[in-house]
2 protein chains.
Amino acid sequence: MVIPAPPWQRPTRKRPVKPPLSRDAIVDAAMGILDGEGLDAVTMRRIAEELNTGPASLYAHVSNKDELHELMYDRVCGEMELPAPDGTNWREPAKQWMRNLHATLARHRDVARVSIAAIPMGPNVLRSGESLLAILRAGGVPDQAASWAMDLFLNYVTTAVYEGSLMADRGGWEHFQERISELNAYFRSLPPAEFPNTAALADTLTAGDGDARFEFGIEVIVAGLAAYAAGVVPPR
Amino acid sequence: MVIPAPPWQRPTRKRPVKPPLSRDAIVDAAMGILDGEGLDAVTMRRIAEELNTGPASLYAHVSNKDELHELMYDRVCGEMELPAPDGTNWREPAKQWMRNLHATLARHRDVARVSIAAIPMGPNVLRSGESLLAILRAGGVPDQAASWAMDLFLNYVTTAVYEGSLMADRGGWEHFQERISELNAYFRSLPPAEFPNTAALADTLTAGDGDARFEFGIEVIVAGLAAYAAGVVPPR
DNA sequence: ACCTGAACACCGTTCAAGT
DNA sequence: ACCTGAACACCGTTCAAGT
């Protein structure tokens, strides 16, 4: 006696009106919304709409919205170029690692926020971290310093990209310029008795675009790590 | 002829059942919810409930939720102790500034998130910034470096506190310890061909509590700023 | 196994109406 | 001027029911 397959396993001739749902298809749709409208627009309901279903259908492939955000973040990290370690000079590839991560995240609006609100651990995130550890260790940075430096590097790049994306979102370049000069005027206008330094440094406080500020930060962090690793500052 | 005052200006004998609404009262209620349940619980509706009104009533005193969050952040910054500048040694007060800001923010759950998502500019935030500029300039740090360093310091402290608050929220200390050892095991279990460094550094990657990691970061940043200011790294 | 509609328990904000 | 109720246009997630 032959038991017939249940109806959902029987092949159907009717060609499907919609492509089948899958984790990848969901992340695809989510990435499209992210790049077009930013992370806040990536809601379960919006993704479902994009895929011509109801939001409940997504939960068969993704356990919740946070997990979906982390899947998106990992996909983005897969786009990062990983600098080769250099035994004679770890500073340059270390800085390049930060620049590459920055550029990759910046291409996708405010995804950076995902890694601020959680600690993503997808395969591409791990590969990226492995690459940084290889760069630092090849240069002789001690293991504990290299390990904690990874956190420091990630935090710095991530928040820098995120702040940049906030600026980019709220109006274009001219709007940004305007905000900066308003801020400058505001600093100048502060009572000099209480805020002598803020008022005096109005120009330097508002100087530099995102890139100049980012480069300052990576110089400081890499120089500091070099000093720390060389034992100028005693580890505790 | 005497024009009578409009009814809402006429004194009333009926003692009010509820205290009158005000910006301060709203921020008070919001702070209570923040300290008890975290920033996500601070919603307009929840605050209104606490004050025995409807959410619409709040909008007479506060323009929106983001502004309210910034008012809260500024109030918290008012609790920060500001280290005195020292002309002979800026490193120590600079580090102490970071520790003090860290401690202050950490006392209030995940408020730190407010200053990640926006750039608060309330009076107490400005006073705190002024204090850091005074410390750095007294030590001879050049103006541009001091200005950009303020951003760097703020970013570092803020994200450190926020990550700490995420850890603290998701279960207590034993739960945290457990997560750490799971992470350690996970790093060890990674395929050594692809993840040699991550696997080898499992112990150092998961070593150190929040304080040790925080201290590492401030040492690196301050050492780096010193190197930068001394011209070891050429400014661009 | 996979998908669905409907519901639950929330949001921030607006707006006409009341005092 | 200040406060209110009701509504608008959303959320994430669950759950019983369908195929």
Side-chain angles (χ1 to χ4, degrees), chain A residues 3-27 29-30 33-34 37-72 110 113-114 117-118, chain B residues 3-27 29-30 33-34 37-72 110 113-114 117-118:
Chain A
I3 302 168
W8 57 82
Q9 291 184 3
R10 278 199 288 261
T12 169
R13 210 128 295 172
K14 258 199 309 183
R15 65 160 172 71
V17 176
K18 320 180 288 188
L21 236 42
S22 72
R23 246 172 125 91
D24 270 351
I26 290 170
V27 177
I33 299 167
L34 168 70
E37 304 167 50
L39 193 65
D40 277 334
V42 182
T43 66
M44 301 305 269
R45 296 179 114 98
R46 184 77 167 67
I47 298 166
E49 195 185 320
E50 214 77 20
L51 296 169
N52 296 309
T53 11
S57 304
L58 306 178
Y59 287 85
H61 303 92
V62 149
S63 58
N64 57 41
K65 194 185 141 192
D66 284 345
E67 189 189 88
L68 176 57
H69 280 178
E70 290 188 37
L71 291 172
M72 295 167 69
D110 48 352
R113 204 177 64 199
V114 173
Chain B
I3 300 168
W8 56 83
Q9 291 185 3
R10 278 199 287 261
T12 168
R13 210 128 296 169
K14 256 198 310 184
R15 64 156 175 74
V17 176
K18 318 180 288 188
L21 236 41
S22 71
R23 246 172 126 90
D24 271 351
I26 290 170
V27 177
I33 299 167
L34 168 70
E37 304 167 50
L39 193 64
D40 277 335
V42 182
T43 67
M44 300 305 270
R45 296 179 115 98
R46 184 78 167 67
I47 297 166
E49 195 185 320
E50 215 77 19
L51 296 169
N52 296 309
T53 11
S57 303
L58 307 178
Y59 287 86
H61 302 92
V62 148
S63 58
N64 56 42
K65 194 184 141 193
D66 284 345
E67 189 189 88
L68 175 57
H69 280 178
E70 291 187 36
L71 290 172
M72 296 167 68
D110 48 352
R113 204 178 63 200
V114 173

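Residue numbering restarts at 1 for every chain, and letters A, B, ... go by the order of the sequence lines. Keep in mind the model is a prediction, meaning the values are calculated, not measured.
Straight-line distance from the CG atom of B/Asp66 to the C1' atom of C/dC11: 14 Å, rounded to whole Å. Rounded to whole Å, atom C1' of C/dG12 lies 11 Å from atom CG of B/Leu58. Atom CG of A/Leu21 is separated from atom P of C/dC3 by 5 Å (rounded to the nearest Å). Separating the CD atom of B/Glu67 from the C1' atom of C/dT13 is a distance of 14 Å, rounded to the nearest angstrom. Atom P of nucleotide C/dT14 and atom NZ of B/Lys65 are separated by 14 Å, given to the nearest angstrom. The NE2 atom of B/His69 sits 12 Å away from the P atom of C/dC11 (whole-angstrom rounding). Residue B/Arg23 contributes atom CZ, which lies 13 Å from atom P of D/dC2 at whole-angstrom precision.
The shortest non-hydrogen separation linking B/Val42 to B/Ala30 is CG2-O, 3.8 Å. Closest heavy-atom contact between A/Leu58 and A/Met44: CD1-O, 3.2 Å. The minimum heavy-atom distance linking A/Leu21 with A/Ser57 is given by the pair CD2-CB, 3.7 Å. In terms of heavy atoms, B/Asp40 sits closest to B/Thr43 at O-CG2, 3.6 Å.
Shown here are the side-chain contact (heavy atoms from CB on, under 4.5 Å) partners of A/Ala41, two or more places apart in sequence or in another chain: A/Ile33, A/Glu37.
Taking every heavy atom of residues 37-47 of chain A and every atom of DNA chain C, pairs under 4.0 Å involve A/Arg45, by number.
Distance from the side chain of A/Asn64 is smallest to D/dT13 among C/dG12, D/dT13, D/dT14. Looking at the side chain of B/Ala56, the nearest of the listed nucleotides D/dC15, D/dC3, D/dG5 is D/dG5. The side chain of A/Tyr59 has D/dG12 as its nearest neighbour among D/dG12, D/dC3, C/dT13.
Expressed to the nearest 0.5 Å, how far CG of A/Asn64 lies from NE2 of A/His69 amounts to 10.0 Å.
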Legend entry - Steps toward salt bridge (Lys or Arg N to Asp or Glu O under 4.0 Å) verdict (B/Arg45, B/Glu49): CA-CA 6 Å; B/Arg45 296 179 115 98; B/Glu49 195 185 320; over 6 Å; no
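OP1 or OP2 of D/dC3 sits under 4.0 Å from a side-chain N or O of B/His61.
Straight-line distance between the P atoms of C/dC10 and D/dA9: roughly 22 Å, to the nearest whole Å. Comparing D/dC11 with C/dA7, their C1' atoms sit 14 Å apart, to the nearest whole Å.
Between A/Ile47 and A/Leu68, some side-chain heavy-atom pair lies under the 4.5 Å cut-off.
Of the residues A/Glu67, A/His61, A/Lys65, the one that meets the side chain to side chain donor-acceptor pair (under 3.5 Å) test with A/Ser63 is A/Glu67.
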Inset, instruction - Could you provide the dot-bracket string of DNA chain C, using ( ) for intrastrand pairs, [ ] for crossing pairs and | for bases paired to another strand, with Watson-Crick or G-U pairs below 3.5 Å? - result: ||.|||||...|||||.||
